[in-house]
Q: 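First, the structure itself, so that you have it in front of you.
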Amino acid sequence: PAGRLALLQAVSELAVAQQMALYIVGGFVRDLLLDRPSVDFDLVVEGDAIALGKALSEKFGGRVVSHKRFGTAKWQLFEIHPQLTKVLQTELKISVDDFPETLDLVTARREFYTYPTALPTVERGSIKLDLHRRDFTINTLAMRLDGQHYGDLYDYWGGLADLQNGLVRVLHSLSFVDDPTRILRAVRFEQRFGFRIGERTRELLDNALSLLERVSGDRLRHEMKIILEEPKWKAMLGRLAELGVFKAIDAEIPWDQATETRIELGMKSVPPVEWDVQLSQESGVLPISLAYILWLVELTEEQAKATSKRLRLPGWLRDTLLAVIRLKEDQSKMKEFSPSEMVNRFEAEPELALFVFSLVLTDDSLTKKIERYFLEWRKVHPHTSGDDLRQRKIPPGPMYGKILDQLRAAWLDGKIRSKKEENKLLEALLNEDK
């Protein structure tokens with residue numbers, strides 16, 4: 001977009017003024033060469049990214065948040081979009097929507113790892129060393145943006161040839177050892193672009209599979225979330241299973257055609273609006289959450305607990321998964337339940353679990369009961385309230401809940417159909433209790 005291009009040129013001009021080399025690197029350059037233009041910028045500075053960020057803030061406004069240890073600066077632009085449209089005028093029309101909310105600037109650096117899966121130790125370095133710390137050669141391409149070098153392509157590690165040959169290749173033999181999550185990223189790029197993992201890279205990948213057990217569940221779920229958001233997620237998950245990645249993470253993680261079908265169902269399903277399913281505030285991207293539940297729903301409760309712990313699933317997601325598993329185990333008994341028994345059973349579980357349960361059911365009669373629960377049964381309550389019982393001089397206590405539950409059950413099961421019949425039952429219950 002015109003605004004983003006003008007913004008890059010403005011950053012470039014200030015970099016020249018500060019005698020810094022400025023590069024746009026990684027995925028943007030890769031996608032540009034693949035004719036898949038991206039608007040995600042990764043800018044690297046040979047010099048001081050924080051100083052450049054502050055200079056941009058002084059000239060154009062906005063706030064800079066910096067991290068000295070890593071030499072990074074985040075320039076926050078969302079408050080100055082209107083000013084930028086005026087200041088960065090070009091022959092092309094600039095829209096406020098052209099600009100990103102933030103722009104990240106990174107000082108060129110090198111990294112080394114003290115032990116496998118450790119967080120890296122960082123030192124300032126050159127653009128060549130900065131590119132060498134990246135995961136695959138196709139992500140090491142850089143385009144220079146400052147001065148007379150504007151548009152020059154830098155390819156130190158053979159990324160362009162690999163891009164042309166459709167090859168996913170690591171930069172060195174310890175790449176997967178340094179960061180085993182690169183195994184998942186290798187598959188993601190391979191399937192996204194229709195590439196192939198290089199032979200030597202495949203050997204290194206196989207040798208590093210056992211290291212995945214050391215990777216935290218949070219990091220693994222982050223990579224899985226990115227995969228599940230990809231258009232070719234099915235091919236990616238299938239390839240991960242083929243390479244033995246899931247078994248290396250946790251032996252209980254299943255993969256077969258039925259699992260894939262269930263996940264796809266979850267990715268496409270949304271609770272009917274009229275059901276008014278109450279979701280946890282943490283449920284985030286619902287298709288991803290449903291995908292996890294339907295992926296693991298065929299496990300036993302004990303297996304699901306262990307796998308949830310391994311993947312560090314959020315508490316609400318683990319509880320919903322376990323609830324669906326319990327509901328599946330009880331489904332044969334539920335066929336004989338009265339409406340009031342069904343309501344008691346359903347109210348014991350998260351509402352999202354009931355929706356997921358409805359997706360995996362093959363018994364239409366149970367599916368209809370879930371629908372009736374959401375649309376009708378859960379809204380049924382007796383006319384009598386706790387205040388009414390108090391006015392009758394009944395001492396507050398467990399008796400209140402017992403009486404109100406019995407009245408509600410009578411309504412649900414069709415034993416009473418009017419307020420008059422409810423009052424009659426109430427009198428009988430009170431007399432019985434006396």
Side-chain angles (χ1 to χ4, degrees), residues 269-281 283 290 293 297 300-301 304 315-434:
S269 301
V270 221
V273 177
E274 60 272 21
W275 285 20
D276 190 25
V277 174
Q278 298 301 306
L279 301 176
S280 162
Q281 291 181 345
S283 45
L290 294 179
I293 297 168
V297 75
T300 66
E301 193 168 353
W316 72 268
L317 184 54
R318 176 203 62 222
D319 293 344
T320 306
L321 167 63
L322 296 175
V324 180
I325 292 172
R326 286 193 297 269
L327 287 163
K328 284 174 77 270
E329 289 173 350
D330 288 350
Q331 60 183 310
S332 57
K333 290 188 290 183
M334 284 193 277
K335 291 178 184 178
E336 309 302 323
F337 278 9
S338 66
S340 62
E341 290 172 321
M342 196 67 77
V343 169
N344 287 337
R345 181 67 188 84
F346 287 168
E347 286 187 338
E349 308 292 5
E351 290 186 1
L352 184 60
L354 298 178
F355 169 65
V356 179
F357 182 44
S358 75
L359 295 178
V360 296
L361 275 173
T362 53
D363 185 330
D364 287 344
S365 65
L366 266 181
T367 306
K368 287 174 183 174
K369 286 179 179 179
I370 294 174
E371 185 175 9
R372 286 196 70 185
Y373 168 76
F374 279 110
L375 297 180
E376 179 186 343
W377 289 343
R378 68 173 175 171
K379 300 173 185 176
V380 172
H381 295 284
H383 295 280
T384 306
S385 67
D387 286 338
D388 296 325
L389 297 179
R390 198 173 295 111
Q391 288 174 12
R392 287 173 170 265
K393 308 299 183 185
I394 300 171
M399 186 58 62
Y400 278 39
K402 182 181 176 184
I403 291 171
L404 296 176
D405 286 346
Q406 287 177 294
L407 293 176
R408 186 188 189 200
W411 276 104
L412 286 165
D413 296 336
K415 293 177 180 177
I416 56 175
R417 300 180 182 277
S418 67
K419 190 173 181 180
K420 183 178 179 181
E421 290 180 355
E422 178 182 316
N423 288 335
K424 186 177 178 181
L425 176 58
L426 175 60
E427 293 299 333
L429 290 171
L430 292 173
N431 289 330
E432 178 187 297
D433 194 57
K434 287 177 183 177

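Because only heavy atoms are used, hydrogens play no part in the values below, and waters and symmetry mates are left out as well, while side chains stay in.
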Q: Do you know which two heavy atoms are closest between Ile325 and Thr300, and how far apart they sit?
A: CD1-O, 4.1 Å

Q: Among pairs that include at least one residue of residues 380-401, which meet salt bridge (Lys or Arg N to Asp or Glu O under 4.0 Å), considering only residues two or more places apart or in two chains?
A: Asp387-Arg390, Arg392-Glu427

Q: For the residue pair Pro272 and Phe355, what are the closest heavy atoms and their distance?
A: CD-CE1, 3.9 Å

Q: Drop me the distance from Leu429's CG to Lys402's NZ, to the nearest 0.5 angstrom.
A: 8.5 Å

Q: Is it true that Glu329 and Lys333 make a salt bridge, defined as a side-chain N closer than 4.0 Å to a carboxylate O?
A: no

Q: Looking at side-chain heavy atoms only, is the closest gap between Trp377 and Glu347 below 4.5 Å?
A: no

Q: Under the side chain to side chain contact (heavy atoms under 4.5 Å, CB included) rule, what do Val356 and Leu327 come out as? Steps first, then yes or no, please.
A: CA-CA 10 Å; Val356 179; Leu327 287 163; over 6 Å; no

Q: Inspect the surroundings of CD in Glu274 and state if more than 12 heavy atoms from other residues, nucleotides or ligands are less than 6.0 Å away.
A: yes

Q: Where is the tightest heavy-atom contact between Lys335 and Asp363, given as atom of each residue plus distance?
A: CE-OD2, 2.9 Å

Q: First locate atom CG of Asp405, then atom NE2 of His381, and finally report the distance between them rounded to the nearest 0.5 Å.
A: 10.5 Å

Q: Can you tell me if Asn423 and Glu421 form a side-chain donor-acceptor pair at under 3.5 Å?
A: no

Q: Looking at every heavy atom in both Gly386 and Leu404, which two are closest together, and how far apart are they?
A: N-CD1, 4.2 Å

Q: Please evaluate residues Leu430 and Met399 with respect to the criterion side chain to side chain contact (heavy atoms under 4.5 Å, CB included), reporting the C-alpha separation (whole Å), side-chain torsions for both, the decisive distance (0.1 Å), and the verdict.
A: CA-CA 10 Å; Leu430 292 173; Met399 186 58 62; over 6 Å; no

Q: Distance from Arg326 atom CZ to Leu321 atom CG, nearest 0.5 Å?
A: 9.5 Å

Q: Say you draw a straight line from CG of Leu354 to CZ of Arg345; how long is it, rounded to the nearest 0.5 Å?
A: 8.5 Å

Q: Considering all heavy atoms of both residues, which atom of Ser340 and which atom of Leu412 are nearest to each other, and what is their separation?
A: CA-CD1, 3.9 Å

Q: Rounded to the nearest 0.5 Å, how far does CD1 of Ile370 lie from CD of Glu351?
A: 12.0 Å

Q: Would you check if the side chain of Glu422 reaches a backbone N or O of Thr384 as a donor-acceptor pair within less than 3.5 Å?
A: yes

Q: So if I apply the side chain to side chain donor-acceptor pair (under 3.5 Å) rule between Glu376 and each of Lys379, Arg378, Arg372, which one comes out positive?
A: Arg372

Q: Determine the interplanar angle of the Trp275 and Phe374 rings, folded into 0 to 90°, and report it as parallel if under 30°, tilted if 30 to 60°, perpendicular if over 60°.
A: parallel

Q: Any chance NZ of Lys328 has more than 12 other-residue heavy atoms, nucleotides or ligands included, within less than 6.0 Å?
A: yes

Q: Roughly how far, to the nearest 0.5 Å, is the CG atom of Leu359 from the OG atom of Ser269?
A: 4.5 Å

Q: Please name the pair of heavy atoms, one in His383 and one in Trp411, separated by the smallest distance, quoted to 0.1 Å.
A: CD2-CZ2, 3.7 Å

Q: Given side chain to side chain contact (heavy atoms under 4.5 Å, CB included), test Leu352 with Val324 step by step and report yes or no.
A: CA-CA 9 Å; Leu352 184 60; Val324 180; over 6 Å; no

Q: Between Asn344 and Phe337, is the side chain to side chain contact (heavy atoms under 4.5 Å, CB included) condition met? List the steps.
A: CA-CA 10 Å; Asn344 287 337; Phe337 278 9; over 6 Å; no

